[in-house]
Amino acid sequence: MKPVIGITSSLLENDCRDYYKLYTNYCQCISDSGGIPVIIPAAEKSSVDVYLDMMNGLLLSGGPDIAPAYYGQEVKVNNITTVKIRDESEILLTEKALEKDMPVLGICRGMQVLNVASGGTLYQDINRCGISSFNHSVTGPEEYSGTHMVTLNKGSILFELFQREKFMVNSIHHQAVEKAAPGFAGTALSEDGIIEGIESSIHYFAIGVQWHPERMVENYPFQYRLFDGFITRCSRTMNR
């Protein structure tokens, strides 16, 4: 039996109607790696337990910024875009998934949600903080190709999955992990020292990556190794 993977979606609000959005490549990568994708809307908090009962794993997708209040900060910059209901539901969803020791994979914003929900903090804007030395927020065709190098810690789960120490990744973010949450460590770094991957030492599988592997798999098939490893661990927990 294949594991069911809940994938969070974005909530887009406008004057005419609101709608949910999720790029299809998230679902495709889960399907290709042997899972059954189920899209989770930015739900009311009362629905979180219902979704968790359906799932064998949680994939936190990319999207807008997380409100700084969730990591104990005031707003310091004027280019933050947040969606309150998504923050509320995803942070609660992540907290409860980790309590159940359900495998969790966070991508881009999803890595930041994983870190914040576990007690970590973020840089609100890496450019205005002066910690980045190159553009981490590319657009267009570069979103699907490698734009900068990451280095993985040997001995990390990410290194075990990818079986390589360095490789190129895409980059579509202006925020980043500042302090890793208790029990988590930064296990992938960009060339300018920004944390590009985190993983937990106290959960069965809780990993986040700052890049978008789901957009890279067509040109860089080895990126599937992250999804394959995630689905494998979700399968192993189904009968626990």
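Heads up: numbering here begins at 1 and tracks the sequence. A quick note: this is a predicted structure, and the numbers were derived from the prediction, not measured.
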Apply side-chain hydrogen bond (donor to acceptor under 3.5 Å, both in side chains) to the pair Ser61 and Arg109, showing each step before the final yes or no. CA-CA 7 Å; Ser61 65; Arg109 166 195 159 92; over 6 Å; no
Chi angles and distances behind the side-chain contact (heavy atoms from CB on, under 4.5 Å) call for Phe184, Ser118: CA-CA 8 Å; Phe184 284 75; Ser118 302; 3.4 Å; yes
Applying side-chain contact (heavy atoms from CB on, under 4.5 Å), run through Asn170 and Tyr144 and close with a yes or a no. CA-CA 7 Å; Asn170 55 7; Tyr144 300 87; 6.0 Å; no
side-chain contact (heavy atoms from CB on, under 4.5 Å) between Glu88 and Tyr70, worked out: CA-CA 9 Å; Glu88 289 179 345; Tyr70 284 103; 3.0 Å; yes
Worked verdict on Ile198 versus Leu114 for side-chain contact (heavy atoms from CB on, under 4.5 Å): CA-CA 9 Å; Ile198 60 171; Leu114 178 59; 4.3 Å; yes
So Ser33 and Asp228, side-chain hydrogen bond (donor to acceptor under 3.5 Å, both in side chains) or not? Walk me through it. CA-CA 5 Å; Ser33 293; Asp228 292 343; 2.7 Å; yes
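When all heavy atoms are compared, the tightest approach of Leu122 to Val177 is CD2-CA, 4.0 Å. Summarising the geometry of Ser9 relative to Glu90, their closest heavy-atom pair is O-OE2, 4.1 Å, with the distance given to 0.1 Å. The shortest heavy-atom contact between Val83 and Pro64 is CG2-CG, 4.1 Å. Nearest approach of Ile157 to Glu199, heavy atoms of both residues: N-OE2, 2.7 Å. Across all non-hydrogen atoms, the minimal contact from Gln223 to Met168 is NE2-O, 4.1 Å. In plain terms, the two heavy atoms of Ser145 and Tyr220 that are nearest each other are CA-CE1, 3.7 Å.
Between the CG atom in Leu158 and the CG atom in Leu226 there is a gap of 6.5 Å [rounded to 0.5 Å]. To the nearest 0.5 angstrom, Asp101 atom CG is 6.0 Å from His203 atom NE2. Annotation: the span from Met216 atom CE to Thr147 atom OG1 amounts to 7.5 Å, rounded to 0.5 Å. Between the CH2 atom of Trp211 and the CE atom of Met111 there is a distance of 8.5 Å, given to the nearest 0.5 Å. The CD atom of Glu191 sits 7.5 Å away from atom NE2 of His148, with the distance rounded to the nearest 0.5 Å. In this structure, Asn25 CG and Ile30 CD1 are separated by 11.0 Å, a value rounded to the nearest 0.5 Å.
Ring-plane geometry between Phe162 and Phe167 is classed as tilted, the angle between the planes lying from 30 to 60 degrees on a 0 to 90 degree scale. Classified by interplanar angle (parallel below 30°, tilted 30° to 60°, perpendicular above 60°), the ring pair His173/His136 is perpendicular.
Counting only distance, with no hydrogens or angles, the side chain of Asn56 and the backbone of Val4 share a donor-acceptor pair below 3.5 Å. Remark: the backbone N or O of Arg225 is not paired with any side-chain donor or acceptor of Gln163 at under 3.5 angstrom. No donor-acceptor pair closer than 3.5 Å links the side chain of Asn153 to the backbone N or O of Ser156.
Side-chain contact between Thr82 and Ile66: absent, with no pair of heavy atoms (C-beta onward) separated by less than 4.5 Å. Cys29 is listed as a side-chain neighbour of Val217, based on a closest heavy-atom distance under 4.5 Å. For the pair Glu196 and Leu189, the minimum side-chain heavy-atom distance is 4.5 Å or more. Between Pro37 and Ile5, every side-chain heavy-atom pair lies at or beyond the 4.5 Å cut-off. Residues Pro103 and Leu58 are not in side-chain contact: their nearest non-hydrogen atoms beyond the backbone lie 4.5 Å or more apart. A 4.5 Å side-chain heavy-atom check between Ile207 and Ser200 finds every atom pair outside the cut-off. The side-chain heavy atoms of Tyr26 and His212, taken from C-beta on, include a pair separated by under 4.5 Å. Inter-residue side-chain proximity for Gln124 and Ile80 is flagged as met; some heavy-atom pair is nearer than 4.5 Å.
Of the candidates Leu11, Thr8, Leu12, Tyr20 forms a side chain to side chain contact (heavy atoms under 4.5 Å, CB included) with just one, namely Leu11. With Lys96 as the partner, the side chain to side chain contact (heavy atoms under 4.5 Å, CB included) test is satisfied by one option alone out of Leu98, Leu93, Leu92: Leu92.
Side-chain heavy atoms closer than 4.5 Å link hydrophobic residues (I, L, V, M, F, W, Y) into clusters, and following such links, possibly through other members, connects Met54 to Met102. Taking hydrophobic clusters as Ile, Leu, Val, Met, Phe, Trp and Tyr residues chained together by side-chain heavy-atom distances below 4.5 Å, Val138 does not share a cluster with Val150.
Other residues, nucleotides and ligands place more than 12 heavy atoms under 6.0 Å from the CZ atom of Phe222. Dense packing is recorded around CD of Glu165, with more than 12 heavy atoms of other residues, nucleotides or ligands lying under 6.0 Å away.
Under the 6.0 Å distance and 45° angle rule, Arg164 does not count as a cation-pi partner of Phe159.
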